[in-house]
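Quick caveat: nothing in here was measured; it's all calculated off a predicted structure. Labels below follow one simple rule: chain letters A, B, ... track the order of the sequence lines, proteins then strands, and each chain is numbered from 1.
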Amino acid sequence: MSQSDTTEHEGREGYDVHAVQDKWLPVWDEIAPFRSGRPGDPRPKKYVLDMFPYPSGDLHMGHAEAYALGDVIARYWVQRGFNVLHPIGWDSFGLPAENAAIKRGADPVLWTADNIEQQKSSMRRYACSFDWDRVLHTSDPAYYRWNQWIFLKMFERGLAYRKDSNVNWCPNDQTVLANEQVVAGRCERCDAVVTKKKLTQWYMRITDYADRLLDDMTQLEGAWPEKVLLMQRNWIGRSTGAHVHFRIEGRDEPVTVYTTRPDTLFGATFFVVAADSDLAAELATGSEAQGDFEAYLEQVKQVSEIDRLSSERVKTGVFLQRYAVNPVNGERLPIYAADYVLADYGTGAIMAVPAHDQRDWDFATAYGLPIVHVVQSPDDVDDSAAAYTGDGVAINSGFLDGLGKADAIERMVAWLEEKDLGTGAINYRLRDWLISRQRYWGTPIPIIHCLSCGEVPVPEDQLPVVLPPTDGLDLSPKGQSPLAAAEDWVNVPCPRCGGAARRDSDTMDTFVDSSWYFLRYLDPSRTDVAFDPDQAREWAPVDQYTGGVTHAILHLLYARFFTKVLHDMGLIDFEEPFTRLLNQGMVGMNGATMSKSRGNLVRLSDELELNGVDAVRLTMVFAGPPEDDIDWADVSPSGSKKFLSRAWRLSGDVTSAPGVDVATGDVELRRATAKAVDEATKAVESFRFNVAVAKTMELVNAARKAVDSGPGGADPAVREAAEAVAIMLSLVAPYTAEEMWDRLGHAPTVALAGWPDVDPALLVEESVTCVVQVAGKVRDKLDVAPTIGEDELRELALAATGVVKALDGRAVRTVIVRAPRLVNIVPA
RNA sequence: GCCCCGAUAGCCCAACCGGCAGAGGCAGUGGUCUCAAACACCAUCCAGUGUGGGUUCGAAUCCCACUCGGGGCACCA
């Protein structure tokens, strides 16, 4: 080997990122600086959590961004002297494992384990500051046993129940979907057009918690992104209005409708029931319209969810030859069955007020039904062309006439309540959470169906109900859970009566797994409890949560729901799981989401090979605000690498000894260091990590100048600056930081060095530049003491040569003085 | 259709309570090094803040309208 060649080639660049990575990894393994479970640790606790990954293959650029950002936060609090719990695990149940099994015959257990191992080793190399003693994965029976336990507790409380309903069905994945998993009529996962299917399924009664989920968001105000709170509010969709009971001719029981506009009751001209509701079928039965209705219902069922939602679709329906009676004026309202009314919102029936509801207007126009205006529209609104939905004075409305919208609503509700014809009511857009899935790779639902005893919970001492092995099972999607075919597994005696019974063969939605995993990290090896309430009191709730905005409603809403349920069960003393939330953006390439099919996929492993771990992490953090998307084409990992090399070089230029008295160092550089640390601190705490990096770069530049053309590398201030750089960099570029720390003569690890203290005296500038404006234009600048008084500054400013020239003899009207930075002189 | 968020240099981004538009980076340009180049190093150029109005002594920042971009919801009665 030619030594001189290597030195010349490599030596020129100097900083060998791969060698540095290989050097420090084993050292860190030894020190384990991020272990949080040490007994007697006196540091205050902080729980910093990153959303756990799904183990599909190796880490990609998205993971690299997410974990780089989460790591900055975790490492920062460690530097600030906190005992930081920063765990990681795997959300390892789900379809990809199952699909791999179907496609390649891979055992989901082994496939999952392999991927976890791969990701784990990549995370280690990526220098994630995880506490490796607390790893969990949700497909582990030791984990999902507690899913089953929680499910049973919820079953006991009536929060988990089975019902027959029209559910979202993904024809591709051959499974049902929760409402939250249907995006614009398509399957969130595979993009197939979702259809409806009538099935008996398991639900969780999240609607019982709608008010608390909504109202408790005030606690999160300012600590969660406004956008996420808004999305959750919209999703829950609370509306206030009234229930109104309508007598139906030829039916004993009245039918109740929900309306947000009880003030328009006098304008109701017809009545609509959801075509797919039981009520529609009942009303049609025996009427002349029965044939028409059945034909219509068939037709409705054929329409896909997407077409149904299309806004330009004309409204259809069928007259049922029946009548409802308007309780306020006794008018007969023809009853239609139509698919623009939803069976599962409100009561599945509405009073139609075409003059003041656009959908009713459209239907009335299509079917030639009367339109009666009961709210006075403003003069500039043409209420003969479209429904008027705004505010206005009630007209043609008997006792409501002359009242504004709010008063009319209040009056009508009072009237209805007095006559026992209705009540004020609240409705939600949120539906109960459908949790059963007809797939293999998930938590088995711990219920046994017995012909004589019904739904019988699996006794707690028989948990976990472990998935049967895949041998001999056909995992391909067929609309029924593959578990149903595992005869040995599915056939069990009833725990209650001992008779022949069958296990429930559905598995749980994987969002159940992630709804409480943050509690399991507290003591993942416990076999007697899901989590230890004492540990929960010590660590939880999560102080800082980081993850993608894609989970704004799904995961975050479910986790909030579970937290409230666990609170009500007396297991935890808080009601919100995540005190602070940071959403990171996504990584794209050339303006598009990265994907193999687009051909714009950037491989993380290639980037790591080319530029090293630190440069990739730095690029992610420096690219912009964390919540912004990153376009890899816009950023420069090679630039990051260059900067790291500059920082590294600085550590080699320090010639003073460790522990030297920095107070004797160059004041100018000391000020620069204090300012950089101070500003970086504020930036990190407000999630402006890109700014924190910029401040670090600034300090490197200042120190460089001090070495090259200032007091030189022997000045203690240069050491102070270099050490500050190493510590600040340790959040983002741990290898470079450690190598710098080493070259500066310190023992590892810089991760525990402690955040630099800032001497406030160094932040006070000895003189500041005061801008002197005349009529808002800068005419002169003065060097003044930061403590200068207003009067003194005014005198100085008025005498400044630039000012005298600009005033050119004109009189002065006002002088605005903002000491010490600005004076604005307004001429007459 | 409704609701949010954003728009600053060729590009990614800073700018505290309204107070000199520039912290940092990329790209560019000029130089040093080199036989030459790459690398590295040093230096340097670059916009008046999407458009139109308003408030103010003073607006990137506050208000109104519009344009463009991004996101959410979308028959929820």
For A/Thr260, what residues pass the side chain to side chain donor-acceptor pair (under 3.5 Å) criterion, not counting sequence neighbours?
-> none

Residues two or more places apart in sequence or in another chain: which of them pass side chain to side chain donor-acceptor pair (under 3.5 Å) with A/Asp653?
-> A/Arg704

Check whether any side-chain N or O of [X] sits under 4.0 Å from OP1 or OP2 of [N], and answer yes or no.
X        : N     : value
A/Asn690 : B/A14 : yes
A/Asn701 : B/G25 : yes
A/Arg688 : B/A15 : yes

Can the ring centroids of A/Tyr558 and A/Trp433 be said to lie less than 6.0 angstrom from one another?
-> yes

Quick one: label [X] by what it contacts on the DNA or RNA (base, sugar-phosphate, nothing), any heavy atom closer than 4.0 Å.
X        : result
A/Glu679 : nothing
A/Val771 : base
A/Ser636 : sugar-phosphate

On a whole-Å scale, what distance lies between the [atom1] atoms belonging to [N] and [M]?
N     : M     : atom1 : value
B/U49 : B/A9  : P     : 10 Å
B/U51 : B/C68 : P     : 15 Å
B/A74 : B/G58 : P     : 47 Å
B/U29 : B/U67 : C1'   : 35 Å
B/U61 : B/C20 : P     : 13 Å

Please list, pair by pair, any protein nitrogen or oxygen found under 3.5 Å from a nitrogen or oxygen in nucleotides 4-12 of chain B.
unit_1	atom_1	unit_2	atom_2	d
B/C12	O2'	A/Ala623	O	2.9

Which of the following nucleotides, [options], is nearest to the side chain of [X]?
X        : options             : answer
A/Ile553 : B/C13, B/A77, B/C73 : B/C73
A/Asn824 : B/G24, B/C75, B/C57 : B/C57
A/Ala694 : B/C57, B/G24, B/A77 : B/G24
A/Trp235 : B/A74, B/A77, B/G19 : B/A74
A/Tyr340 : B/A23, B/G19, B/C75 : B/C75

Where is the tightest heavy-atom contact between A/Thr769 and A/Asp783, given as atom of each residue plus distance?
-> OG1-OD1, 3.7 Å

Minimal heavy-atom distance between A/Val677 and A/Val758, with the atoms involved, is CG1-CG2, 3.4 Å

Atom [atom1] of [X] to atom [atom2] of [N]: distance rounded to whole Å?
X        : N     : atom1 : atom2 : answer
A/Arg794 : B/C57 : CZ    : C1'   : 13 Å
A/Met231 : B/C2  : CE    : P     : 20 Å
A/Arg429 : B/G72 : CZ    : P     : 13 Å
A/Leu807 : B/C57 : CG    : P     : 18 Å
A/Trp632 : B/G25 : CH2   : P     : 18 Å
A/Met620 : B/C13 : CE    : P     : 14 Å
A/Phe270 : B/A77 : CZ    : C1'   : 11 Å
A/Leu644 : B/C39 : CG    : C1'   : 17 Å

Enumerate the residue pairs fulfilling ring pair (Phe, Tyr, Trp, His ring centres under 6.0 Å) with a member in residues 254-277 of chain A, sequence neighbours excluded, ordered by first and then second residue.
-> A/His243-A/Tyr258, A/Phe246-A/Phe271, A/Phe266-A/Phe399, A/Phe270-A/Phe363

With syn defined as a glycosidic angle within 90° of 0 and anti as everything else, classify B/G48.
-> syn

Per the glycosidic torsion and the 90° limit around 0, nucleotide B/C73 is anti

Donor-acceptor pair under 3.5 Å, A/Arg821 side chain vs B/G19 base | no

Please evaluate the base of B/C16 for a donor-acceptor partner in the side chain of A/Lys682 within a cut-off of under 3.5 Å?
-> no

Mind checking what makes side-chain contact (heavy atoms from CB on, under 4.5 Å) contact with [X], not counting sequence neighbours?
X        : result
A/Thr259 : A/Val244, A/Arg261, A/Pro262, A/Met351
A/Asp211 : A/Asp215, A/Arg238, A/Tyr428
A/Pro370 : A/Thr269

Base-pairing mate for B/C41 - Watson-Crick or G-U, with both contacts under 3.5 Å | B/G31

Which pairs, with at least one residue in residues 681-700 of chain A and sequence neighbours excluded, count as a salt bridge (Lys or Arg N to Asp or Glu O under 4.0 Å)?
-> A/Arg80-A/Glu685, A/Asp678-A/Lys682, A/Glu679-A/Lys695, A/Lys695-A/Glu698

Any side-chain donor-acceptor pair under 3.5 Å between A/Ser239 and A/Asn427?
-> no

Before giving the answer on salt bridge (charged side-chain N to carboxylate O under 4.0 Å, His left out), spell out for A/Asp791 and A/Arg794 the whole-Å C-alpha distance, their side-chain angles and the decisive distance to 0.1 Å.
-> CA-CA 5 Å; A/Asp791 295 337; A/Arg794 180 181 294 113; 3.0 Å; yes

Check salt bridge (Lys or Arg N to Asp or Glu O under 4.0 Å) between A/Asp344 and all other residues, then give those that pass, not counting sequence neighbours.
-> A/Arg431

Among all residues two or more places apart in sequence or in another chain, which pass the salt bridge (Lys or Arg N to Asp or Glu O under 4.0 Å) test with A/Asp360?
-> none

Interface residues of residues 345-357 of chain A with RNA chain B (non-hydrogen, below 4.0 angstrom) | A/Tyr345, A/Ile350

Atom pairs, protein N/O to nucleotides 41-43 of chain B N/O, distance under 3.5 Å:
unit_1	atom_1	unit_2	atom_2	d
B/C42	OP2	A/Arg646	NH1	3.2

